[in-house]
2 protein chains.
Amino acid sequence: MNDPLPAAPMPDTIANDLALAIHEHRLMPGTKLSEEELGEIYGVSRTIIRAALQRLAHDRLVELKRNRGAYVAQPTVREAREVFEARALLEPRTARSAAERITEDDLAALQRHIDEEHAAIDDGEAGRALFLSGQFHLEIARIADQATITEFITQLVARSSLIIALYWHRRGALCESHAHHALMRAFAERDADLAEELMKNHLLDLLSSLDLRNRTSAPASLREALGA
Amino acid sequence: MNDPLPAAPMPDTIANDLALAIHEHRLMPGTKLSEEELGEIYGVSRTIIRAALQRLAHDRLVELKRNRGAYVAQPTVREAREVFEARALLEPRTARSAAERITEDDLAALQRHIDEEHAAIDDGEAGRALFLSGQFHLEIARIADQATITEFITQLVARSSLIIALYWHRRGALCESHAHHALMRAFAERDADLAEELMKNHLLDLLSSLDLRNRTSAPASLREALGA
DNA sequence: CCGATTCGGATTGTATACAATGTTGTGTCG
DNA sequence: CGACACAACATTGTATACAATCCGAATCGG
């Protein structure tokens with residue numbers, strides 16, 4: 001009798017699917033996204049695919065080159081810095097708000113996220129672990145109950161995934177787990193100051209774990225071409 | 001011999017044109033944007049129009065209702081608050097950065113913006129004055145040289161214009177002029193602390209000049225139907 | 001032998017045609 | 001007379017066909 005969900009439109013479904021693949025590093029930066037090929041994969045016409053690609057391009061996950069097609073974006077060094085500066089501006093204050101408002105249910109949900117992340121790491125599913133790591137940040141934004149800021153963070157987290165694909169250096173496995181656990185404790189104790197500070201440092205750590213010396217965006221596509 | 005500009009694609013041109021009309025309050029919230037009608041106006045097929053509308057929808061300037069068409073967005077009270085909270089998070093720090101980096105040329109450009117704004121006010125072009133007022137904020141973000149954050153602010157400023165259309169209360173004419181002038185002085189003196197503080201207060205003033213007591217978004221469309 | 005040029009294939013950009021859905025007006029039944 | 005049901009219309013959603021553009025390879029000329 002009731003259809004509260006109007007059934008997600010096709011283009012958004014596909015866009016989300018592609019975004020997930022990008023987030024999990026199954027689609028690497030520079031990969032060409034042919035309209036016809038995607039159309040066959042999803043069993044729809046290019047019309048739908050184009051809409052999905054346009055949406056992803058707006059989120060900077062895909063770069064649309066006129067008359068040349070769509071490619072998984074390759075953020076520049078500068079863009080990488082800017083994304084993390086924007087996150088540093090938004091997320092610590094968001095973590096503070098979340099700590100002030102968090103409920104027991106929220107805490108449980110966050111803990112589940114962390115557990116899932118660990119499970120993915122143990123199973124060797126690095127891509128999925130990275131995605132869940134991003135979801136942890138998003139969950140915090142959601143708890144802060146600021147939809148507009150949450151959307152910005154969503155976009156920044158997704159772009160961070162691309163940046164990590166291109167510039168990740170440290171190979172430490174549980175690099176983030178520690179930071180997320182510390183945040184969890186701060187939330188559990190409703191320590192807003194601590195949560196804000198931990199998030200700030202966490203983002204600085206993330207940034208410093210990247211190798212942002214140079215990269216003209218050419219090497220990445222070359223590696224793609226040669227590797228696969 | 002040289003075409004450095006690949007000629008803006010048609011959809012973006014139209015999207016910008018519509019965004020400008022919305023920003024200048026020539027298109028009011030709730031206005032229906034028929035695909036065929038727009039197609040005739042711009043002399044293109046619905047394909048192009050749909051792409052433009054999709055882009056505007058992503059920026060929250062247009063609301064796409066499935067199988068029902070596109071309408072100029074009507075931000076809710078909550079959305080209005082969130083937009084200004086996001087601005088309060090981003091713009092003061094951005095103003096600080098701008099103050100630290102600003103050049104003489106930038107100062108001159110900012111002054112021109114203010115002068116244009118005054119000219120528009122004097123000419124009774126309220127819509128254009130509002131647009132230019134937004135451009136002032138954007139120019140500051142541009143000076144801060146953070147493209148990513150600038151994009152966020154661009155979107156927030158545009159949405160603010162919709163919010164003002166729906167919730168503006170104070171009818172004071174030069175409400176903003178004073179604040180912008182004060183900011184100019186802070187920039188001229190490279191006083192980063194002052195610039196940050198002034199921007200923070202300016203945004204609080206803006207927010208407090210709105211009447212955000214209630215409005216379920218239905219009244220707005222009703223007034224639309226009855227008033228005009 | 002090397003470089004510029006042109007032709008062919010492939011891919012995207014746009015328009016149009018058709019299908020699906022929502023809305024509105026009318027007619028009938030209670 | 002009012003409410004419900006149905007049908008005609010209008011608008012959007014999707015697929016397909018055609019045009020424009022770009023890339024690469026083969027060819028021609030130096």
Side-chain angles (χ1 to χ4, degrees), chain A residues 1-18 27 30-58 60-74 217-218 221-222 224-226, chain B residues 1-18 27 30-58 60-74 217-218 221-222 224-226:
Chain A
M1 293 311 141
N2 57 349
D3 289 21
L5 306 184
M10 209 61 209
D12 280 22
T13 305
I14 294 175
N16 288 335
D17 197 53
L18 288 174
L27 282 174
T31 304
K32 164 134 199 188
L33 300 172
S34 155
E35 294 181 358
E36 187 164 348
E37 189 177 355
L38 289 173
E40 286 181 16
I41 291 172
Y42 288 102
V44 296
S45 87
R46 282 175 47 218
T47 307
I48 311 291
I49 301 297
R50 281 180 75 80
L53 290 176
Q54 194 176 320
R55 188 163 104 49
L56 292 171
H58 198 279
R60 306 283 190 182
L61 262 58
V62 158
E63 192 178 352
L64 250 72
K65 303 187 180 180
R66 183 157 179 92
N67 285 322
R68 294 190 47 194
Y71 299 81
V72 178
Q74 301 181 131
S217 89
S221 64
L222 274 184
E224 248 297 306
L226 300 177
Chain B
M1 295 311 144
N2 57 348
D3 288 23
L5 305 184
M10 208 62 205
D12 281 23
T13 304
I14 294 175
N16 288 336
D17 197 54
L18 289 173
L27 282 173
T31 304
K32 163 132 198 187
L33 301 172
S34 155
E35 295 180 357
E36 187 164 345
E37 190 177 353
L38 289 173
E40 285 180 18
I41 290 171
Y42 288 102
V44 296
S45 88
R46 281 175 49 218
T47 308
I48 311 291
I49 301 297
R50 282 178 74 80
L53 290 176
Q54 193 177 322
R55 188 163 103 53
L56 292 170
H58 198 279
R60 305 283 190 188
L61 263 59
V62 158
E63 192 177 353
L64 284 176
K65 303 185 180 181
R66 182 157 180 92
N67 286 321
R68 294 189 45 193
Y71 299 80
V72 178
Q74 300 182 133
S217 93
S221 62
L222 273 184
E224 252 293 309
L226 300 176

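Order of the sequence lines fixes the chain letters, A, B, ..., with proteins taken first and strands second; residue numbering starts at 1 for each chain.
For the pair A:L33 and B:I48, both in contact range of DNA chain C, the more 5′-proximal nearest nucleotide belongs to A:L33. Each of A:R68 and A:T47 was assigned the nucleotide of DNA chain C with the nearest heavy atom; the assignment lying further toward the 5' end belongs to A:R68.
Among the nucleotides D:dG13, C:dT11, C:dG13, the one closest to any side-chain atom of B:R50 is D:dG13. Closest approach to the B:N67 side chain among C:dG22, C:dT12, C:dA15 is made by C:dG22 (side chain taken as heavy atoms from C-beta onward). Nearest nucleotide to the B:V44 side chain, out of C:dG13, C:dT14, C:dA15: C:dA15.
Partner of A:V44 under the side-chain contact (heavy atoms from CB on, under 4.5 Å) criterion, out of A:I48, A:T47, A:I41: A:I48 alone.
Protein atom CZ of A:R66 is 13 Å distant from nucleotide atom P of D:dA20, rounded to whole Å. As a whole-Å value, the separation of B:Q54 CD from C:dT14 P is 14 Å. When rounded to the nearest whole Å, the span between CD of A:E35 and P of D:dT16 equals 15 Å. Straight-line distance from the CE atom of B:M10 to the C1' atom of C:dA15: 14 Å, rounded to whole Å. Between the OH atom of A:Y71 and the C1' atom of C:dT11 there is a distance of 9 Å, rounded to whole Å. Straight-line distance from the CG atom of B:L53 to the C1' atom of D:dT12: 11 Å, rounded to whole Å. The separation between A:I49 atom CD1 and C:dT14 atom C1' is 18 Å, rounded to whole Å. Note: CG (B:L64) to C1' (C:dG22) measures 16 Å, nearest angstrom.
For the pair B:L38 and B:I14, the minimum side-chain heavy-atom distance is 4.5 Å or more. Between B:L56 and B:L18 there is a side-chain heavy-atom pair separated by less than 4.5 Å. In this structure, A:T13 and A:Y42 have side chains that are not in contact, with every pair of non-hydrogen atoms separated by 4.5 Å or more.
Summarising the geometry of B:A51 relative to B:P11, their closest heavy-atom pair is CB-CB, 3.8 Å, with the distance given to 0.1 Å.
Dashed line: the shortest gap from a side-chain N or O of B:R46 to OP1 or OP2 of C:dC18 is not under 4.0 Å.
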